[in-house]
2 protein chains.
Amino acid sequence: MLGNPQTAFHVSTRGEYGMRLMVDLARHWQQGTVSLHAVASREDLPEAYLEQLVAVLRKAGLVNGKRGAGGGYTLARDPSAITAGDIVRALEGPIEPQICTAEGDPVLNCIREQDCGTRAVWVKLQSTIAQALDGMTLADLAKEKVTVA
Amino acid sequence: MLGNPQTAFHVSTRGEYGMRLMVDLARHWQQGTVSLHAVASREDLPEAYLEQLVAVLRKAGLVNGKRGAGGGYTLARDPSAITAGDIVRALEGPIEPQICTAEGDPVLNCIREQDCGTRAVWVKLQSTIAQALDGMTLADLAKEKVTVA
DNA sequence: GGATTTCCGAGCACTGCACTCGGAATTCTA
DNA sequence: TAGAATTCCGAGTGCAGTGCTCGGAAATCC
């Protein structure tokens with residue numbers, strides 16, 4: 001797979017592959033564990049790389065792993081209780097267009113000015129992105145054809 | 001200035017500095033040209049680096065440059081006719097969380113599946129981000145205290 | 001005991017970011 | 001007309017993150 005050209009607000013393959021993986025797990029929810037091998041071949045993704053990503057998702061408490069023959073992964077909770085935001089944040093880091101808009105840390109730095117005009121841009125962006133991502137659950141995405149408003 | 005830690009949907013200093021620069025130009029709109037030196041010292045940004053960024057903005061038709069003593073830059077059009085989206089797109093590239101959501105190219109690739117569930121996530125994001133950025137003009141941002149909903 | 005599968009750490013090539021530097025070309029002012 | 005100011009241009013550098021691969025240990029099932 002390739003690296004992507006320069007684009008703003010780009011989600012790297014970490015987020016993309018991770019999302020595909022999680023949707024796949026959601027589709028097999030309550031059907032026992034799913035091996036990475038199965039996911040990788042279904043989604044046509046590099047298995048060894050997925051291993052890295054799923055490790056992060058496990059540490060974030062989004063999936064459970066079970067070792068050994070017949071083992072694999074399952075979602076740690078109901079698909080309706082996991083959002084796209086959870087996944088993106090786990091794999092790509094917190095949603096903060098700029099440092100001065102750190103999530104949960106409302107009035108952090110902006111060293112030079114208190115009310116720099118540009119801050120409004122990043123604050124707006126941060127909330128707008130977070131709302132969009134946190135509003136979509138795996139349950140929604142696991143449906144065959146999705147139409148999000 | 002530093003590089004930033006890993007965050008999702010991160011705007012690099014290109015976008016950040018560029019926005020500060022453009023807001024500064026907007027504040028001095030119709031007061032003649034503004035030299036990069038002035039902007040750099042007012043905004044506390046590395047002048048040589050700004051030079052690179054402003055070159056891109058000029059090629060994108062957002063600013064005009066005038067050489068020589070007393071020269072400098074001016075916005076190429078009225079602040080109300082330049083949006084945050086214009087600036088970000090010029091400096092950081094098009095807004096496309098994933099390739100399959102390329103702006104203006106609605107149903108591009110998504111090689112494997114037509115209706116992959118995850119696509120909905122990136123499509124929604126793309127439009128949500130674009131709307132937010134395209135809805136803010138330099139005229140808005142140039143005001144002293146900004147409160148965007 | 002052997003197959004399967006998760007878990008873990010290391011390593012590597014490539015790209016973009018965040019700058020700096022040196023030097024041209026242009027324009028104003030004294 | 002000299003010189004200062006300023007844009008314009010291309011090259012180069014160090015660092016960090018991306019997108020992988022590989023080898024091997026530990027667990028679990030048959």
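The sequence lines fix the lettering, A, B, ..., with proteins before strands; numbering per chain opens at 1.
With B:R89 contributing its side chain and B:G93 its backbone, the two residues share no donor-acceptor pair below 3.5 Å. The main-chain N or O of A:M19 is never found under 3.5 Å from a side-chain atom of B:T118 such that the two would form a donor-acceptor pair.
The listed nucleotides are C:dT5, D:dT7, C:dC7; the one nearest the side chain of A:S35 is C:dT5.
Residues A:R20 and A:D44 are not paired through a salt bridge, judged by the lack of any N-O separation under 4.0 Å between the basic side chain and the carboxylate.
Residue pairs satisfying the side chain to side chain donor-acceptor pair (under 3.5 Å) criterion with at least one member in residues 49-75 of chain A, sequence neighbours excluded, are listed as follows: A:T13-A:Y49.
Checking the phosphate oxygens (OP1, OP2) of D:dG19, a side-chain nitrogen or oxygen of A:T13 falls inside 4.0 Å.
In this model, no donor atom of one side chain and acceptor atom of the other lie less than 3.5 Å apart for A:E96 and B:H10.
Applying a 4.0 Å cut-off to non-hydrogen atoms, the residues of residues 49-61 of chain B that approach DNA chain D are B:E51, B:Q52, B:R58, listed by residue number.
The distance from atom CG of A:L141 to atom CD1 of A:I82, rounded to the nearest 0.5 Å, is 11.0 Å.
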Identify the pairs formed between an N or O of the protein and an N or O of nucleotides 27-30 of chain C at a distance under 3.5 Å, and give each distance.
{"unit_1": "C:dT27", "atom_1": "O2", "unit_2": "B:A69", "atom_2": "N", "d": "3.1"}
{"unit_1": "C:dC28", "atom_1": "OP1", "unit_2": "B:K66", "atom_2": "NZ", "d": "3.1"}
{"unit_1": "C:dC28", "atom_1": "O4'", "unit_2": "B:A69", "atom_2": "O", "d": "3.3"}

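Between A:G65 and B:L91, the one whose closest nucleotide on DNA chain C sits nearer the 5' end is A:G65. In terms of position on DNA chain C, the residue among A:E47 and B:S12 whose nearest nucleotide sits closer to the 5' end is A:E47.
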